[in-house]
K.L.:
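There's a structure below that I have some questions on.
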Amino acid sequence: MRVATWNVNSLRVRLPQVLAWLAAEAPDVLALQETKVPDEAFPALEFREAGYHVVFAGEKTYNGVAIVSRLPPAEVADALPGAPDGQRRYLAATCGPLRVIDVYVPNGQAVGSDKFAYKLAWMEALAAQVRAELARHPLLVVLGDFNVAPEDRDVHDPELWRERVLASTPEREAFRALLEAGLCDVLRRITGEAGIHTWWDYRMNAYRRGMGLRIDHVLASPALCGRVRACRVDRAPREGERPSDHAPVVAEFDLAGS
DNA sequence: ATGGTTGTACGACAA
């Protein structure tokens with residue numbers, strides 16, 4: 001079973017790329033973030049014609065998440081219990097054997113800002129929800145844009161990013177709480193390599209200069225972590241025309257016999 | 001260089 005996550009930074013702009021990527025990669029599940037489209041304007045028909053079911057939780061201008069799935073999603077939940085407000089950043093669904101939680105963690109803007117406090121509160125609510133979902137679903141994946149580079153090896157220039165938003169100690173502790181709740185970082189089951197990135201700022205030719213961070217993640221429950229076959233960042237869409245600033249992350253699990 | 005670019009929606013604001 002192959003699952004993927006991609007912050008598309010406007011589904012309206014990126015829909016042709018997403019459909020082309022689905023056709024080329026054929027994942028079983030694709031979690032999208034920053035769709036930036038209200039539910040009444042979501043392009044559901046285009047996904048159905050591509051052979052996928054889709055559920056979504058969007059709003060005007062900001063945020064927005066969606067789960068695209070070969071198998072029909074069930075037990076859909078579009079709000080994070082205990083979240084500070086109703087921003088559309090969370091979507092859970094059961095897709096065949098997998099419980100899937102798609103997250104768009106708040107960016108946090110700057111360490112110490114109001115938005116930074118909101119981010120930490122949101123992540124604390126997420127950790128509580130992960131504990132609850134883990135108790136009910138042995139095959140759980142939590143994936144999306146976490147807006148946290150967990151360690152220095154996930155940052156192109158650790159000194160430049162030292163204690164800055166996306167790489168600060170409080171954010172890394174909030175991320176580690178998700179792992180301590182029982183999830184593993186699926187990419188780190190495959191490689192300890194430094195310099196694997198999923199996001200590059202649009203400014204300053206950051207992509208061309210290799211100035212990226214690994215902030216998009218696939219986290220998984222213990223039963224899945226023992227069944228990781230592959231995990232990679234697909235940089236091809238980031239190199240194409242009018243790209244999102246994020247690249248997709250794809251993970252494959254061997255579910256035979258489970 | 002307190003810079004730069006993109007998306008939303010047409011002026012800031014978020015990222």
Side-chain angles (χ1 to χ4, degrees), chain A residues 5-21 31-43 46 56-66 80 83-91 102-123 126 143-150 154-157 159-168 170-172 174-175 197-217 233-249:
Chain A
T5 178
W6 193 4
N7 179 323
V8 291
N9 186 19
S10 171
L11 185 57
R12 278 196 248 244
V13 170
R14 233 65 70 186
L15 182 61
Q17 296 181 33
V18 172
L19 294 174
W21 192 84
L32 301 173
Q33 305 86 38
E34 281 205 274
T35 56
K36 298 186 177 181
V37 62
D39 290 347
E40 61 271 21
F42 192 93
E46 286 84 346
F56 38 89
E59 63 184 289
K60 186 168 141 49
T61 309
Y62 301 119
N63 309 317
V65 285
L80 171 61
D85 62 23
Q87 292 185 21
R88 305 282 257 171
R89 300 177 172 278
Y90 176 95
L91 187 60
D102 178 12
V103 297
Y104 174 46
V105 174
N107 172 280
Q109 193 170 60
V111 174
S113 66
D114 288 349
K115 290 194 174 94
F116 189 79
Y118 177 87
K119 179 180 195 172
L120 295 181
W122 201 94
M123 292 185 77
L126 179 61
L143 75 174
D145 177 0
F146 289 77
N147 269 314
V148 178
D154 302 310
V155 178
H156 69 95
D157 183 343
E159 289 315 313
L160 182 68
W161 284 86
R162 186 75 60 211
E163 297 305 335
R164 300 187 67 157
V165 74
L166 311 183
S168 75
E171 293 165 276
R172 286 177 170 180
F175 184 85
H197 304 145
T198 65
W199 168 82
W200 303 260
D201 199 301
Y202 281 125
R203 296 167 288 188
M204 295 173 64
N205 280 316
Y207 181 75
R208 190 177 53 74
R209 296 161 68 190
M211 298 166 61
L213 272 60
R214 190 175 73 96
I215 59 175
D216 300 86
H217 307 293
V233 179
D234 183 3
R235 283 163 40 172
R238 188 66 177 83
E239 293 175 2
E241 285 286 304
R242 208 177 181 190
S244 167
D245 45 353
H246 295 252
V249 182

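So you know, we letter chains A, B, ... as the sequences are listed, proteins then strands, and number each from 1. The figures here come from the full heavy-atom set of this structure, side chains too, leaving out hydrogens, waters and symmetry mates.
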K.L.:
A:Asp145 versus A:His217: any side-chain heavy-atom pair under 4.5 Å?
P.N.:
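No, too far: nothing below the 4.5 Å cut-off.
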
K.L.:
Round to a whole Å and report the spacing from CG of A:Asn205 to C1' of B:dT6.
P.N.:
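It works out to 14 Å between those atoms.
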
K.L.:
Sticking with atom P, work out how far B:dT2 lies from B:dG7, rounded to a whole angstrom.
P.N.:
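Rounded to whole Å, the distance is 25 Å.
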
K.L.:
Classify the nucleic acid contact of A:Tyr207 as base, sugar-phosphate or nothing, counting any heavy atom under 4.0 Å across all strands shown.
P.N.:
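No contact.
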
K.L.:
Nearest to the side chain of A:Arg14, heavy atoms from C-beta on, is which of B:dA15, B:dG7, B:dG4?
P.N.:
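Per side-chain heavy atoms of A:Arg14, the pick is B:dG7.
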
K.L.:
Between B:dG11 and B:dA1, how far apart are the two C1' atoms, rounded to whole Å?
P.N.:
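Each nucleotide's C1' atom is 25 Å from the other's.
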
K.L.:
OP1 or OP2 of B:dG7 less than 4.0 angstrom from a side-chain nitrogen or oxygen of A:Arg242, does that happen here?
P.N.:
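For A:Arg242, the contact criterion (side-chain N or O under 4.0 Å from OP1 or OP2 of B:dG7) is met.
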
K.L.:
Would you please classify the geometry between the A:Trp200 ring and the A:Tyr207 ring as parallel, tilted or perpendicular, with 30° and 60° separating the classes?
P.N.:
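Judged by the thresholds at 30° and 60°, the geometry between A:Tyr207 and A:Trp200 is perpendicular.
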
K.L.:
Between A:Glu163 and A:Val111, which heavy-atom pair has the shortest distance, and what is it?
P.N.:
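Residues A:Glu163 and A:Val111, closest heavy atoms: O-CG2, 3.4 Å.
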
K.L.:
Check whether any side-chain heavy atom of A:Gln109 sits under 4.5 Å from a side-chain heavy atom of A:Phe116, and report yes or no.
P.N.:
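A:Gln109 does not reach A:Phe116 side chain to side chain.
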
K.L.:
CG of A:Leu160 versus P of B:dG4: gap in Å, rounded?
P.N.:
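Those two atoms, CG and P, are 17 Å apart.
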
K.L.:
Nearest heavy-atom pair of A:Trp21 and A:Asp234: which atoms, and what distance?
P.N.:
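That closest heavy-atom pairing would be NE1-OD2, 2.8 Å.
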
K.L.:
Whole angstroms only, please: what is the CG-P distance between A:Asp245 and B:dA15?
P.N.:
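Computing the A:Asp245:CG to B:dA15:P distance gives 12 Å.
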
K.L.:
Any side-chain N or O of A:Lys60 below 4.0 angstrom from OP1/OP2 of B:dT8?
P.N.:
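A:Lys60 to B:dT8 OP1/OP2: no side-chain N or O under 4.0 Å.
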
K.L.:
Which nucleotide in the set B:dT8, B:dC13, B:dA15 lies at the smallest distance from any side-chain heavy atom of A:Val13?
P.N.:
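The answer is B:dT8.
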
K.L.:
Find which nucleotide of DNA chain B each of A:Pro106 and A:Arg12 is nearest to by heavy atoms, and output the residue with the more 5' nucleotide.
P.N.:
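Its nucleotide being nearer the 5' end, the pick is A:Arg12.
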
K.L.:
From B:dA14, B:dA15, B:dT8, pick the nucleotide closest to the side chain of A:Arg89?
P.N.:
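Closest nucleotide among those given: B:dA15.
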
K.L.:
Could you tell me how far B:dT8 sits from B:dG3 if I compare only their P atoms? Round to whole Å.
P.N.:
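Between the two P atoms, the distance is 24 Å.
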
K.L.:
Please determine whether a side-chain nitrogen or oxygen atom of A:Thr61 lies at a distance below 4.0 Å from atom OP1 or OP2 of B:dA9.
P.N.:
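It does, given that an N or O in the side chain of A:Thr61 lies less than 4.0 Å from OP1 or OP2 of B:dA9.
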
